[in-house]
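Every number for a ligand or one of its atoms is a count from 1 in the order of the listing. Please read these numbers as outputs of a predicted model, since none were measured by experiment.
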Amino acid sequence: MSKLIQAIRGMNDLLPEAVARWQQLESAARQVLDSYGYREIRLPLLEKTELFSRSIGELTDIVAKEMYSFEDRNGESLTLRPEATAGIVRAGLEHGLLHNQIQRLWHAGPMFRHERPQKGRYRQFHQIDVEAFGLAGPDIDAELILLTARLWRVLEIDGLALEINSLGTPQARARYREALVRYLESRRQQLDEDSLRRLERNPLRILDSKNPAMRPVITDAPDLLEYLDGESRAHFEGLKGYLDDAGIRYIVSKRLVRGLDYYTRTVFEWTTDRLGAQGTVCGGGRYDGLVEQLGGRPTPATGFALGLERLVDLLAQRGDAGTQTRPQVYLVILGDALALPAMAFAERLRDQGLRVQCNCGGGLLKTQLKRADRSGARFALLLGEEEDRQQSVSVKDLRSDLAQRQIGQTEAAEFLKRQLG
Ligand code: HAM
């Protein structure tokens with residue numbers, strides 16, 4: 001036998017049992033997004049590399065070391081998207097959706113980052129990404145957060161903590177950056193290797209360090225909120241007002257800086273302590289400069305992405321199995337001669353709204369009943385020569401001891417639907 005080929009590290013297969021939970025999450029999200037008037041947009045997995053370097057930022061971890069980039073056959077550099085925001089802005093500009101318009105959009109699908117795989121962190125992972133364009137005030141930031149809070153309620157996920165922060169305007173952030181670098185230089189001997197590397201290129205990310213030894217340095221660091229311009233400060237106060245009014249609890253976290261360069265003003269994350277190190281299940285914020293940076297007119301924008309693997313893990317911890325639909329009926333076919341009428345009968349049952357799995361590949365009665373049981377169907381319908389002669393079928397309830405009974409084929413669908421409730 002030749003060697004088995006395995007999946008790529010950090011890229012997961014989702015088997016049917018697991019998919020049930022995914023469907024539960026996806027349909028809850030779709031229902032909540034519908035209820036706020038967000039519309040779905042579908043996008044390619046591949047984009048030009050330049051789209052991400054110009055938006056996420058050359059110096060971020062994502063662009064500097066995590067992208068799946070390659071040259072295609074024409075020598076053009078392409079990248080498997082590491083996130084969806086840049087692609088949505090690209091598509092919005094390309095199709096004229098953004099100019100002088102308000103858009104509420106969402107997108108779902110796989111993203112790709114060459115990170116070190118561990119629980120909750122994968123190289124192919126899935127997001128539901130939600131974006132709102134054309135609205136500059138804190139009301140829409142609050143709406144996005146309310147939407148996520150509603151999703152947690154619908155999914156009955158509790159115990160998530162909301163952290164918020166404001167990164168201000170790029171000018172305010174630049175002033176803060178200078179002060180932060182001055183401060184960190186003065187504590188240089190306490191910085192770990194990672195932070196020393198970031199000091200020049202991306203000093204704000206040092207605040208996000210997970211190394212406990214770095215905690216005192218971070219605690220004493222200057223506070224970004226003190227460097228905010230007046231409008232950003234008012235925006236942030238406005239957001240807090242909406243959240244207070246809605247009864248949504250939050251922590252203002254000066255460590256929350258996010259790993260992508262496009263953010264301005266509001267940033268937020270929902271986290272849990274139930275998933276170990278990878279506890280952020282949702283992250284996002286405002287990015288008022290990005291549309292212009294990608295060639296459009298200045299357009300305010302704000303959004304977030306849910307990390308689906310992590311949310312599915314939370315559902316699984318609760319023992320939630322999800323409900324992937326199973327066939328209601330399994331059609332057992334007793335004799336090769338009945339293959340054609342059986343398939344036609346199964347089609348008639350489906351026409352009447354039943355979910356029917358038809359036995360394929362022959363087999364003894366016992367074998368077929370075993371398959372029927374494994375399919376999860378409630379009923380097995382047995383079609384043998386006698387039933388065929390009488391245009392009837394035998395009904396066996398696989399989930400109770402009720403006696404088998406024979407009914408006419410034309411009445412079968414109505415009878416089964418009554419039984420299934
Ligand atoms: P992000 O924080 O990079 O933001 O990712 C959002 C979420 O995706 C994270 O909170 C996490 O749950 C999940 N995630 C990220 N990387 C991985 C991974 N390697 N494995 C599993 N899950 C992961 C963004 O992507 C922004 N585009 C969000 C946004 C939308 N901001 C504004 N609009």
Those protein residues which place at least one heavy atom below 4.0 Å from ligand 1: E83, T85, R113, E115, G120, R121, Y122, F125, Q127, D129, E131, R258, L260, Y262, Y263, T280, V281, C282, G283, G284, G285, Y287, G303, F304, A305, G307, R310
For Y242, all residues meeting ring-ring contact (aromatic ring centres under 6.0 Å, His included), sequence neighbours excluded: none
Full working for side chain to side chain donor-acceptor pair (under 3.5 Å) between Y68 and T79: CA-CA 6 Å; Y68 280 91; T79 293; over 6 Å; no
Salt bridge flag under 4.0 Å for residues D229 and R265: yes
Residues in side-chain contact (heavy atoms from CB on, under 4.5 Å) contact with D223, at least two apart in sequence or another chain: L225, E226, K254
Main-chain N/O of K396 paired to Q404 side chain as donor or acceptor, under 3.5 Å: no
Test side-chain contact (heavy atoms from CB on, under 4.5 Å) applied to L14 - qualifying residues, sequence neighbours left out: V19, W22
